[in-house]
Amino acid sequence: MNFKPGKKVVLEKLADYPLMPASLADMTHNFTGSWRNMRPVIDYDKCINCGTCWKFCPEPAIYIEDNKVNVNYYFCKGCGICVSECPKKCITFEEEGK
Amino acid sequence: MTEKKPIKTTIPEHEVMKPGHLACQGCGASLAMRYATKAIEGEAMFTLPACCWSVIDGPFPYSSLGLPLLHMAFEAAGATASGIRAALNMLGQKKVKVIAWGGDGGTFDIGFQAISGAAERDEDILYICYDNEAYMNTGIQRSSATPYGAWTTTTPVKHFEKRPKKDMVEIMAAHKIPYVANVSVAYPEDFVKKVQKALSMEGFKFIHAFAPCPSGWKIKPEDTIKIAKLAVQSKIFPLYEVEYGVKYNLTVKVPNPVPVLDYLKLQGRFRHLTEEEINIIQKGTDENWDLLMKKLENK
């Protein structure tokens with residue numbers, strides 16, 4: 001996975017602040033995966049590469065790499081849209097910490 | 001294991017919006033933004049009135065949108081977008097698209113005068129309203145986009161919403177602007193195509209996006225897409241476009257419509273409704289659909 005978490009911006013003194021209210025980084029330092037109770041797990045034997053889960057992921061925490069769909073568990077909030085929308089029902093919900 | 005066919009994506013594959021944003025689980029608004037940003041080719045700039053997306057984007061100095069963005073006061077999205085357009089034109093940056101992105105509160109109620117003014121002046125901007133049918137960011141208060149029968153914190157079960165939803169698309173079409181369309185997060189191909197079409201046109205464009213809100217509608221997060229699909233299939237939210245206020249076109253046809261009850265029963269905000277009230281909703285939906293069909297015939 002070619003994912004790198006974003007940098008955290010530390011603004012200690014006034015001189016660190018930008019002159020205008022501009023954004024200095026994206027939110028990829030914020031691992032929203034900790035919100036998750038249920039973890040989606042893809043069964044690659046049944047997967048038909050339709051890309052439906054990728055299409056409907058609101059994060060987007062599902063990415064396409066090596067001709068398959070992968071879940072980025074750093075960011076998956078566990079909403080379950082991929083589980084309910086998968087036409088082959090090959091994504092299962094498993095409880096975290098089991 | 002046999003070799004699998006390559007994944008063919010039906011919408012552009014690149015991601016503009018970054019993960020790590022602060023939307024709730026299963027948020028329709030973040031999904032809508034993902035599709036809208038995918039449709040943009042070239043440079044674009046956003047302006048946001050106060051809405052859920054002011055929070056989803058992240059606190060200062062972070063932004064998960066991946067595009068230049070100007071936060072603005074609640075009522076000023078249309079005026080701000082007009083101002084940005086004028087400033088960019090002065091700088092010779094005519095190619096940069098200006099997109100205003102507001103919730104239903106900032107579009108239907110509070111920002112209405114600014115949008116109507118910008119539409120009347122026919123400014124070259126695209127206004128996208130993501131509609132979650134109440135003021136979700138501040139705690140589910142009723143807006144004029146709240147449909148008949150819905151529970152909100154300001155229309156509790158005993159005094160539930162008694163007025164139908166404001167028909168924003170028809171109001172905007174009456175301004176005779178180049179392009180007005182309805183889109184839904186359950187139909188991403190249609191969504192991306194309409195945003196691309198709108199961005200290719202000149203003048204004021206308005207897109208009304210249906211974005212279910214799991215926490216405000218009291219639905220399960222995994223049902224977001226299912227409910228958005230049922231809204232289209234039950235004729236409550238028809239997907240059509242209007243060009244120059246006269247040329248109607250239905251983009252997603254509904255060959256096998258389902259009763260509105262299928263759509264209503266999945267949502268906790270409609271749980272208190274009796275059969276009589278559901279019949280009122282069904283009758284209103286059918287009337288709206290017949291009216292739309294008449295407009296489609298006149299094209």
Side-chain angles (χ1 to χ4, degrees), chain A residues 3 5-11 16-18 20-33 35-38 40 44-45 47-69 72 74-85 91 93, chain B residues 1-11 13 15-35 37-38 56-71 185-189 191-192 211-212 214 220-226 228-229:
Chain A
F3 158 71
K7 60 172 181 185
K8 258 193 179 167
V9 181
V10 183
L11 302 169
D16 292 344
Y17 281 82
M20 294 166 85
S23 78
L24 302 176
D26 56 34
M27 288 286 286
T28 44
H29 66 282
N30 179 34
F31 296 146
T32 48
W35 300 14
R36 186 174 66 231
N37 293 329
M38 303 290 275
Y44 288 108
D45 290 339
C47 178
I48 54 161
N49 275 2
C50 63
T52 305
C53 52
W54 169 83
K55 197 164 72 178
F56 287 126
C57 182
E59 294 316 311
I62 296 181
Y63 60 99
I64 297 168
E65 203 174 270
D66 301 333
N67 194 28
K68 60 177 187 177
V69 285
N72 186 341
Y74 284 111
F75 296 114
C76 172
K77 288 172 185 161
C79 65
I81 288 179
C82 51
V83 179
S84 66
E85 290 305 314
I91 308 179
F93 243 178
Chain B
M1 210 172 90
T2 50
E3 196 63 23
K4 285 200 179 146
K5 68 172 171 85
I7 299 178
K8 265 194 197 145
T9 55
T10 46
I11 52 175
E13 205 183 314
E15 304 285 357
V16 182
M17 193 182 93
K18 299 283 189 301
H21 56 72
L22 303 175
C24 309
Q25 293 167 317
C27 178
S30 60
L31 202 48
M33 183 61 105
R34 187 177 162 224
Y35 298 146
T37 48
K38 271 173 185 293
I56 295 171
D57 185 51
F60 174 79
Y62 303 106
S63 170
S64 56
L65 182 62
L67 286 166
L69 165 65
L70 185 66
H71 287 281
V185 292
Y187 294 85
E189 294 84 5
F191 196 124
V192 171
K220 290 182 194 155
E222 66 257 39
D223 286 346
T224 299
I225 301 295
K226 198 196 227 173
K229 240 176 221 165

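Within every chain, numbering begins at 1; the chains are lettered A, B, ... in the order of the sequence lines, protein sequences first and strands thereafter.
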Between B/K229 and A/E85, does a salt bridge (Lys or Arg N to Asp or Glu O under 4.0 Å) hold up when you go through it step by step?
CA-CA 11 Å; B/K229 240 176 221 165; A/E85 290 305 314; 3.5 Å; yes

Nearest heavy-atom pair of [X] and [Y]: which atoms, and what distance?
X     : Y     : answer
A/W35 : B/Q25 : O-NE2, 3.7 Å
A/K77 : B/A23 : NZ-O, 2.7 Å
B/I7  : A/N67 : N-OD1, 3.1 Å

Checking heavy atoms, do the side chain of [X], its backbone, both or neither come under 4.5 Å from chain B?
X     : result
A/P18 : side chain
A/F75 : side chain
A/S23 : both
A/A61 : neither
A/T28 : both
A/L11 : side chain
A/V83 : neither
A/C57 : both

Answer yes or no: is there a side-chain heavy-atom contact under 4.5 Å between [X] and [Y]?
X      : Y     : answer
B/Y62  : A/D26 : no
B/E222 : A/C82 : no
A/E59  : B/R34 : no
B/M17  : A/P60 : yes
B/P19  : A/Y74 : no

Give the member of [options] that has the highest number of heavy-atom pairs under 4.5 Å with chain B.
options                    : answer
A/C47, A/G78, A/G6         : A/C47
A/P58, A/A22, A/G80, A/G33 : A/P58
A/T52, A/V69, A/T32, A/V9  : A/V9

d(B/K4 NZ, A/K68 NZ) to nearest 0.5 Å is 8.5 Å

To the nearest 0.5 Å, atom OG1 of B/T9 lies from atom CH2 of A/W54 at 4.5 Å

Checking [X] against chain A: side chain, backbone, both or neither under 4.5 Å from a heavy atom?
X      : answer
B/A186 : backbone
B/L22  : both
B/K8   : backbone

Counting heavy-atom pairs under 4.5 Å with chain A, the top scorer among B/G26, B/S63, B/S30 is B/S63

Side chain to side chain contact (heavy atoms under 4.5 Å, CB included) test vs A/I81 passes for just one of B/T224, B/V185, B/D223, namely B/T224

Parallel, tilted or perpendicular: ring planes of B/F60 versus A/Y17, cut at 30 and 60 degrees:
parallel

**Asked** More than 12 heavy atoms of other residues, nucleotides or ligands under 6.0 Å from NZ of A/K8: is that the case?
**Response** no

